[in-house]
Amino acid sequence: MPRPTPHGRKAAKAPGFKPAKKGPKGFKADGAAKNRWSDDKRAAYGKGPRKQWEPREDRSSRDDRAPRRDDRTDRAPREGGYERRDDYRSDAPRRSDAKGRNFTAYEPREGGFGGRAPRNVERGTESRGYDNRGERPSGDRERRPFNRDDRSRDDRGGFKREDRGGFKRDDRGAGRDDRGFNREDRGERRTFNRDERPERGPRKEYRPARAYDAAPRPKWEPRAERKPWDRPERPNREDRPRFQRDDRRDGVPADERTWRDDKPRFERDDKPRFQRDDKPRFEREERRSFDRREDRPASENLDQMSWEATELGEVDDSAVVATEGFAALGVPTKLVAALDKQGITSPFPIQTATIPDAIAGRDVLGRGQTGSGKTLGFGLPMLTRIAAAESTGGAPRGLVLVPTRELALQCADVLAPLAKTLRLDLTLIAGGMGYGPQLRAFERGVDIVVATPGRLIDLLEQGAVDLSQVLVTVLDEADHMADLGFMPAVTTLMDTVPSDGQRLLFSATLDGAVDKIVKKYLHDPITHEVDSDRASVTTMEHVLLHVPPHEKNLITAEIANREGRSVLFCRTQMGTNRVAEQLRAAGVMAGALHGGLTQGARTRILAAFKDGSVPVLVATDVAARGIHVDDVTLVLEIDPPMNHKDYLHRAGRTARAGTKGVVASICLPHQRRSMLRLLGAAGVKAEQLNAHPGEEELADKTGARPVDGVPIEDAEYERIIAPKRGGGARGPRQGGSRGGFGGRSQGGGYRGQGGGGRRFGGDRDRDRDRDRDRGGRGGFDRAGGGRSNNSEGWRRDR
DNA sequence: AAAAAAG
């Protein structure tokens with residue numbers, strides 16, 4: 001059969017078309033047809049007559065060639081009766097997968113694996129040229145015209161085996177195969193002989209991933225074996241100093257104690273250690289912790305902090321003009337004078353909008369951009385109304401609920417002096433602080449409560465609080481309080497306060513989740529939105545930094561090393577610890593703030609940030625909302641926020657009340673799409689920048705400076721963070737470190753068991769500190785077992 | 001699946 005001409009080939013495709021007998025041989029470059037020579041002409045040029053094409057001698061029978069590895073004779077023919085691989089291609093077993101797609105199990109390529117399709121082959125032409133198998137086995141099956149490494153299967157998702165850390169094929173020696181089929185049949189990579197192995201570049205030099213520290217990693221050395229006789233001599237049991245509780249409480253840090261009484265604290269007397277008790281174990285534990293809480297002095301053991309209302313002193317309201325500023329909104333002259341004394345004279349838009357309605361007693365939904373003065377927006381009307389109402393003899397009449405302890409502190413600090421001028425008592429109820437003051441406050445009588453939900457419910461269950469007289473309830477950061485994790489607590493409290501009271505909901509972002517609360521608890525609410533909830537703070541500049549992963553740490557450090565105060569946001573507690581440590585190692589004074597620290601540590605680091613001794617705060621979203629620190633000129637998002645609301649709240653830590661600020665977000669390549677979408681949803685027009693360490697552009701935008709790399713010693717940092725005597729935060733001992741910060745450096749990392757393990761003896765509080773430090777939830781968490789603390793909420797949602 | 005909120 002003659003070789004098909006181009007025409008003949010094309011023609012054969014069209015159904016029912018008879019190919020021309022003899023087309024031109026081909027076409028010259030100018031388009032002229034190439035004609036075949038007649039036999040005469042061939043003879044004239046010294047060529048013989050044209051030969052007919054003949055099939056090559058069939059050499060495919062086995063006997064004619066050297067045996068190959070995959071010639072298996074010891075195996076029965078496959079189902080279907082074929083023996084040769086070539087045979088089963090056309091009618092190979094078809095399968096359907098779970099989604100109903102059909103595919104052929106596996107088709108080895110004739111050309112081997114190194115081959116490549118010719119460039120000019122179009123998909124869909126009858127013969128693909130690069131293999132001569134003839135018809136495709138299945139017409140509807142898409143087949144890629146290039147050579148795919150069938151092993152990779154990267155279109156299926158998931159990982160390749162090597163990525164999962166499994167064994168590497170090449171480890172097993174070339175050609176070795178003991179699993180029945182050869183590798184190509186299994187869809188695995190072909191093995192190479194030594195000399196046909198593809199060329200590889202020179203071996204890359206290993207570069208350590210350690211970012212900053214130039215000091216060489218200390219070499220591991222085996223610890224000297226300690227024999228019993230090497231141990232320091234221990235005094236006799238009777239001679240050892242016995243620490244009574246009082247000794248422990250003050251002065252002597254756990255690490256400096258020479259000996260610890262090895263009996264557990266609660267069984268110090270002569271009871272046998274493991275006393276049998278007919279009560280089940282958990283009940284015994286319950287009772288013990290209850291005893292402890294009752295007995296415990298406020299500052300004992302826990303790194304707590306205390307709060308006291310600040311006073312403004314006497315204010316003179318004689319000069320207040322009733323038609324100006326706050327007075328015109330209906331705020332009593334006493335309050336106006338008190339505000340004036342603090343330099344607050346003219347109301348912000350959100351305040352102008354909400355105060356009159358709220359004073360009139362309406363339910364208000366208030367939305368104002370971050371840093372726009374929402375606290376006074378609900379605080380002033382609440383105070384006004386309560387001052388005007390008749391006393392209830394000590395039961396609280398105002399309730400402000402906030403999502404974090406810091407925010408509760410801040411809110412109480414703002415409102416307490418104002419309340420004082422109206423002779424109202426305001427108290428702060430929040431977790432992580434002593435029960436004593438809070439219980440006493442309620443005994444004394446309270447007018448206004450600023451609280452985080454958890455502790456307030458705790459006190460409610462103890463019967464210490466009576467919320468039946470509450471006139472005004474405020475939800476600050478309402479959309480956050482409507483979050484899944486908060487919702488149960490919030491509804492509990494909202495159900496407890498009288499249903500005919502006034503409710504005020506405030507946040508910078510209000511959304512769908514709030515609607516549930518609004519529908520259930522608000523009566524005929526009026527909504528005041530002085531701005532859109534999208535980014536509208538004009539003094540805020542947004543920069544999106546595209547950063548290669550290996551430069552992220554250095555860029556973070558350089559930006560943190562800028563002048564002025566910066567807040568850095570991370571996603572996890574551990575992340576903040578790590579970044580803060582890295583920054584200090586690079587010579588930038590930075591501290592971590594997250595909910596896993598003791599309350600004292602949290603308060604101290606925030607105080608250090610506010611007074612400027614620690615200019616860089618690395619925080620989780622605990623600091624994302626509401627926290628006000630003056631002159632924060634940059635917010636850096638080290639990890640992207642969960643959603644656009646979080647972005648706006650984080651960003652709102654800077655550019656507050658009309659000041660300027662930059663919001664920079666680090667964006668790794670894989671975060672681009674989500675980050676851009678998020679910025680779009682936030683309504684942010686961010687400038688994008690390919691950032692690299694040391695580049696001028698980065699410095700222009702963020703003020704980044706190179707780091708000097710001289711590490712800040714832990715001791716130096718701890719000196720700043722250490723509990724100040726007589727300060728607002730009281731620790732269990734003087735000097736040194738104990739709370740959330742000393743634990744790791746002194747405790748030698750994560751030594752020992754998890755917090756839940758040690759039931760008796762030891763210092764439970766210290767255990768918990770360490771647990772908190774490493775971001776885990778210790779064994780004291782109700783949720784227990786390291787489970788997410790809102791896992792119930794998620795489950796309910798499903 | 002993080003973080004926050006009670007101990």
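Every chain is numbered from 1 and lettered A, B, ... according to where its sequence line falls, protein lines coming before strand lines. Quick note: numbers below take in every heavy atom, side chains included, and nothing from hydrogens, waters or symmetry partners. The structure displayed is predicted, hence computed values, not measured ones.
In this structure, CZ of Arg650(A) is placed 15 Å from P of dA2(B), rounded to the nearest angstrom. Rounded to whole angstrom, the span from the CG atom of Asn643(A) across to the P atom of dA4(B) amounts to 15 Å. Atoms NE2 (His480(A)) and C1' (dA2(B)) sit 10 Å apart, rounded to a whole Å. As rounded to whole Å, 13 Å separates atom P of dA4(B) from atom CE of Met642(A). Per the geometry, CG belonging to Asp646(A) stands 10 Å off C1' belonging to dA2(B), to the nearest Å. Gln599(A) has its CD atom 11 Å from the C1' atom of dA5(B), to the nearest Å. Rounded to a whole Å, the OH atom of Tyr435(A) is 12 Å from the C1' atom of dA5(B). When the C1' atom of dA5(B) is taken as reference, atom CZ of Arg625(A) falls 14 Å away, rounded to whole Å.
Of the candidate nucleotides dA2(B), dG7(B), dA5(B), dA2(B) has the atom lying nearest to any side-chain atom of Arg571(A). Comparing atom distances between the Thr452(A) side chain and each of dA4(B), dA6(B), dA2(B) picks out dA6(B) as nearest. With dA6(B), dA4(B), dA2(B) as the choices, the nucleotide that has an atom nearest any side-chain atom of Asp458(A) turns out to be dA6(B).
Looking at Arg455(A), its side chain does come within 3.5 Å of a backbone N or O of Met433(A) through a donor-acceptor pair.
For Arg503(A), the salt bridge (charged side-chain N to carboxylate O under 4.0 Å, His left out) test picks out no residue, with sequence neighbours left out. Residues passing the ring-ring contact (aromatic ring centres under 6.0 Å, His included) test with Phe506(A) are Phe378(A), sequence neighbours excluded. Under the salt bridge (charged side-chain N to carboxylate O under 4.0 Å, His left out) criterion, Asp476(A) pairs with no residue, sequence neighbours left out. Legend: residues meeting ring-ring contact (aromatic ring centres under 6.0 Å, His included) with His480(A), ordered by chain and number and at least two apart, are Phe486(A).
Under 4.0 angstrom from either OP1 or OP2 of dA4(B) there lies no side-chain N or O belonging to Arg405(A).
Applying a 4.0 Å cut-off to non-hydrogen atoms, the residues of residues 615-622 of chain A that approach DNA chain B are Thr620(A), Val622(A), listed by residue number.
Here the side chains of Leu617(A) and Leu606(A) are in contact, with some heavy-atom distance below 4.5 Å.
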Name the atoms and distances for all side-chain donor-acceptor pairs under 3.5 Å in residues 510-519 of chain A, with sequence neighbours left out.
unit_1	atom_1	unit_2	atom_2	d
Asp511(A)	OD1	Ala513(A)	N	3.4
Asp511(A)	OD2	Lys645(A)	NZ	2.7

